[in-house]
Every structure is written in C-alpha cells, then in structure tokens.
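These notes concern the structure reproduced below.
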Amino acid sequence: MNIKAIAILSIVVGFCVSCELRANRTDVAPVSKDVTVVLRPIPALIYEIEGRVINATQRRIVPSDSVADPFLRAQFVNEQTGWAGTSKSLYKTSDTGTTWERLAFEVPDQSWISSFFFIDESKGWLSVTKQIPTERYGLGNSSQILVTNNGGKTWNLQTNLMSEARVKVIRFSNENYGLAIGARIIDQPVNHGAPYDEMLILSTDNGGATWIDISEPAKTALKSRSDSGWAIHSQSVNEVFLLTANGRVLHTSDRGKTWNNIAKFKDERPGGVVSSTAYYKLFLSPEKRIRVIGGAIGDEGYWGDLIVNNKDGSWISYELVLRPIWDAVFLSEDEVLACGVEMRGAGDERKLPRVGIILHSLDSGKTWTPLYRSQAKETFINLTKVGEKKFHAVSDAGTLVKFSLN
C-alpha cells in the first residue's frame, strides 16, 4: 500500500514545460471556475561535485539504540533553541543542539503528538490526537490543544475537541492569532460508504484561550465534501495559504472569512495514468509564488516533486526519482536547499538501502547538487535556516546536522 503523504518535496529537474491548464497568481483572486492543474513531472538533473561543499558537524539528539519511535518534526526559533519530537516524546535544546532534554510530557494511551509550534523560546502550542477503537472503522477521534509559557517544561490544556476532530497542524502568526487545521470525521449510513474526512479549520485571536470553527467558507470554496487541512503557510494575520490532503491550494486575505480555490493538482504519469502522488507541504517564494512538495514512498516507487507556480501563472513539476524530499528552504526566487532521503543501489526499490541527503538548487529545482550524505540509514525530515548561511537539519533517526554554505 502506497504511503502517500510522507513528505516529499521532490525536486526534480529538467527542462521547463508549462502545464496544460493554468492557475492565477497567488496575489489575484482566481477567475477560472476550473482550477484543475494537470501536472506531468519533468525529471530533474543531478550534478555530483567532488570534495566537501558544506561545513557540517553531526550530533545525536538521543543515542541511536534508544530511539523507539522515529522523529517526525522539528522546529528552531533561533540558532540556539529548538525542539524535536516523535509521536510520543518531545526534546528541547538551548545550546545549539549540543545537549537535548526530554521534556516531561506524557502522551496518553492511543494518542500521539500531531503538531507543535513555538513563537519564541518560551511560548508554544501542542496538539495531541487520540483514536479509540469503535465498531465503525475510522471513528473514535478526538484532539486536545495545549499551551506552554516555559519552553515546554509544563503544559496547560486549552481546549478539548471531542466530536470526531483530528488536528493535523497548528500555526501562530503572533502570540494571539493562530490556526489549527485538520479533519472532522463524518459518519454516514453503512450502505453509503465509510466515514470520511471533512475540512476542519479553527481560529483563535487570544492565544488559544478560545477557538472558533471557521471551516464553512473553506468547504464552500472546495466544493467537495471530502478533504482535510494538511499544511498552512501564514504570510500575516490576515493572509494564509492552505494545502489540503487532496492536493488543493486555498488562499484567504481576510482571516478565513472567504477563501479562493487557487489550484487542484492532478498528477499524470506517461500514458495518462493518474499517479498516487500525495501533496503535503506548501511554501511561498520571496516573490510570493507558491511552491508545493509532493511525492510517494511505497510499492509504486520512490520520488518527490517540487511544484512551482511560474510568473505567468502556469505550473510545472520537477521530479527526483529515488530521492524523496521532506523539507526545503527557499533562499531566493531561484536558490533552494532541500533535505530528504536517497535510495541507493538497484533492484527491488522496497529493499534498497537509504541515506539522508541535503540538496542544493540554483534554478528553482531544475538541477540539483548533493551537498551532504549521511552515513546512517535515515531520512532528514526538517531543514531550518538559523543564521546567515547557517542551517540545521534533523533526521528521523535523531541526528542533528549543523552546516553552513561555503
């Protein structure tokens, strides 16, 4: 079964070709009723460079033999302070990753940490999602949102979302205004099918003391009953870009009162076959053009796609085969750093060895140069710029790589 949604910002390279269908620029409300964007990924080019091209040091968050669960997410608010978490635990560093402290936060049974976000060294939010077995498969969901004012040493419950709510991502623009997105699981008669996900967007303007459901305008824009929030990019309190699990991009400039449906991606492989590419992360370039990460890891293969919204409003997708990418930093309109995993060797792709990889592009994903390969079997799942030409990368195995560009 294909593991869709694992992150893959793939970055493929190749020549530039416009997609058949176009979408409007992100700073203009779309005028076309049909926002479907057919993507036919173009293979990206990889250029190997001999010699050390970045200055890198590697440290462990925890000993390799004590990682019970893979690390899923990380965040740094500056070069010194950051957090890294698995589904069950959260770690903090205050000394540039030299030492890490496991925070005393206990995740209840049948629950997992679904997201966390900090606005500074002290204040942050965390969501915990729970699913208990029920007679109806897919039901039994609930979520909690908690807040900390001391960097995660202690957490206070802000809200209990009991009615089949599953929070995927929390993001704050400042200490007051934030969004939580995910899904509300909707049951239906058995003869109509299984329960399905419906868009869930919660908003707060008082630091999470109260959360308001503002999902309806987004569901209206989607014109689809089955979809959910997957990733968000907040430009300001008013302006937000949202990526759905089904590969749609929404935009609001009025705090979610109205949404524009900018694009719905449809990925086609040679022969017109619609692939199982999942779209899971969204960025904006310095000129406010959309970049979306997608890809797949599973029976159909390993690849990642970097989808680029061009100046003329057209879309193009560059693809890295055997190099799924999980995160990226856009240093300029053309310069991109990305991290992920490289599958090595030949034969059955499901049995290939893998190493963590950091890649660099100077042409928005057409061509890439590997800057760093790890020696361990791991995937870099997070990449953060922490200073002038300084970066931190975190792997699912609990490795922190600190590096700078030459």
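Note that the structure is predicted; figures quoted are calculated from it, not measured. All values below come from the heavy atoms of this structure, side chains included, with hydrogens, waters and symmetry mates left out.
- Closest non-hydrogen pair, Arg60 versus Trp100, comes out as O-CD1, 4.0 Å.
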Next on the checklist: For a side chain to side chain contact (heavy atoms under 4.5 Å, CB included) check, start with the C-alpha distance between Leu161 and Trp211, then their side-chain angles and the critical distance, and finish with the verdict.
Outcome noted: CA-CA 10 Å; Leu161 305 169; Trp211 292 85; 5.7 Å; no
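- The closest side-chain heavy-atom distance from Lys311 to Glu287 is below 4.5 Å.
- Taking a cutoff of 4.0 Å between a charged side-chain nitrogen and a carboxylate oxygen, Arg354 and Asp396 qualify as a salt bridge.
- Residues Gln158 and Thr204 have side chains not in contact (no heavy-atom distance under 4.5 Å, counting atoms from C-beta outward).
- Within the 4.5 Å cutoff, side-chain heavy atoms of Thr96 are placed close to those of Lys402.
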Checklist entry - Would Arg166 and Leu200 satisfy side chain to side chain contact (heavy atoms under 4.5 Å, CB included), going step by step from the backbone distance to the final call? => result CA-CA 8 Å; Arg166 190 167 58 226; Leu200 175 65; over 6 Å; no
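- Between the Ser317 side chain and the Leu39 main chain, no donor and acceptor come within less than 3.5 Å of each other.
- Side-chain contact of Ser361 with Asp363: a donor-acceptor pair under 3.5 Å is present, judged by distance alone.
- In this structure, Lys168 satisfies the cation-pi test against Trp230, with its NZ or CZ atom closer than 6.0 Å to the six-membered ring centre and inside 45 degrees of the ring normal.
- Side-chain contact between Asp254 and Thr252 is present, with heavy atoms from C-beta onward closer than 4.5 Å.
- Thr379 places no side-chain N or O within donor-acceptor distance of the main-chain N or O of Val341, the cut-off being under 3.5 Å.
- With sequence neighbours excluded, the residues forming a side-chain hydrogen bond (donor to acceptor under 3.5 Å, both in side chains) with Gln188 are Arg225, listed by chain and number.
- Within the 4.5 Å cutoff, no side-chain heavy atoms of Gln75 are placed close to those of Thr384.
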Next on the checklist: Pair Arg291, Glu333 - check salt bridge (Lys or Arg N to Asp or Glu O under 4.0 Å), show working.
Outcome noted: CA-CA 10 Å; Arg291 306 288 188 262; Glu333 198 64 19; 3.4 Å; yes
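- Between Val329 and Phe283 there is no side-chain heavy-atom pair separated by less than 4.5 Å.
- Under the 30°/60° scheme for interplanar angles, the aromatic rings of Phe172 and Trp125 are found to lie parallel.
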What donor-acceptor contacts under 3.5 angstrom involve side-chain atoms of residues 173-183, with partners at least two apart or in another chain?
from: Ser173; atom 1: OG; to: Ser234; atom 2: OG; distance (Å): 2.8
from: Asn174; atom 1: OD1; to: Asn176; atom 2: N; distance (Å): 2.8
from: Asn174; atom 1: OD1; to: Tyr177; atom 2: N; distance (Å): 2.7

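- Between the side chains of Asn156 and Thr154, no donor-acceptor pair is found at a separation under 3.5 Å.
- Applying the side chain to side chain contact (heavy atoms under 4.5 Å, CB included) criterion to Glu335, with sequence neighbours excluded, gives Leu331, Ser332, His360, Leu362, Leu405.
- Centroid-to-centroid, the aromatic rings of Trp83 and Phe118 come within less than 6.0 Å.
- Formation of a donor-acceptor pair under 3.5 Å by the Asn309 side chain with backbone atoms of Ser314 is found in this model.
- A donor-acceptor contact closer than 3.5 angstrom links the side chains of Asn150 and Thr148.
- Of the possible polar contacts, none joining the Ser87 side chain to the Trp112 backbone as a donor-acceptor pair under 3.5 Å is found.
- Electrostatic pairing of Asp213 and Arg184 counts as a salt bridge here, judged by a charged N lying under 4.0 Å from a carboxylate O.
- Thr86 contributes no side-chain N or O that, together with a main-chain N or O of Pro70, makes up a donor-acceptor pair within less than 3.5 Å.
- With 3.5 Å as the limit, one finds no donor-acceptor pair spanning the side chains of Thr244 and Asn246.
- Within the 3.5 Å criterion, the main-chain N or O of Asp109 finds a donor-acceptor partner in the side chain of Ser111.
- Looking at Asp327, its side chain never comes within 3.5 Å of a backbone N or O of Val394 through a donor-acceptor pair.
- Remark: the Asp334 side chain and the Ser364 side chain contain an N/O donor-acceptor pair separated by less than 3.5 Å.
- Checked against Gln144 for a side chain to side chain donor-acceptor pair (under 3.5 Å), the options Thr159, Thr129, Asn160 give a single hit: Asn160.
- In this structure, the side chain of Asp120 engages the main chain of Ser122 through a donor-acceptor pair within 3.5 Å.
- Within the 4.5 Å cutoff, the side chain of Ser224 has no heavy atoms near those of the Met199 side chain.
- A 4.5 Å side-chain heavy-atom check between Trp259 and Ile201 finds at least one atom pair inside the cut-off.
- For the residue pair Arg59 / Thr399, no side-chain donor-acceptor distance below 3.5 Å is found, with atom types taken as modelled.
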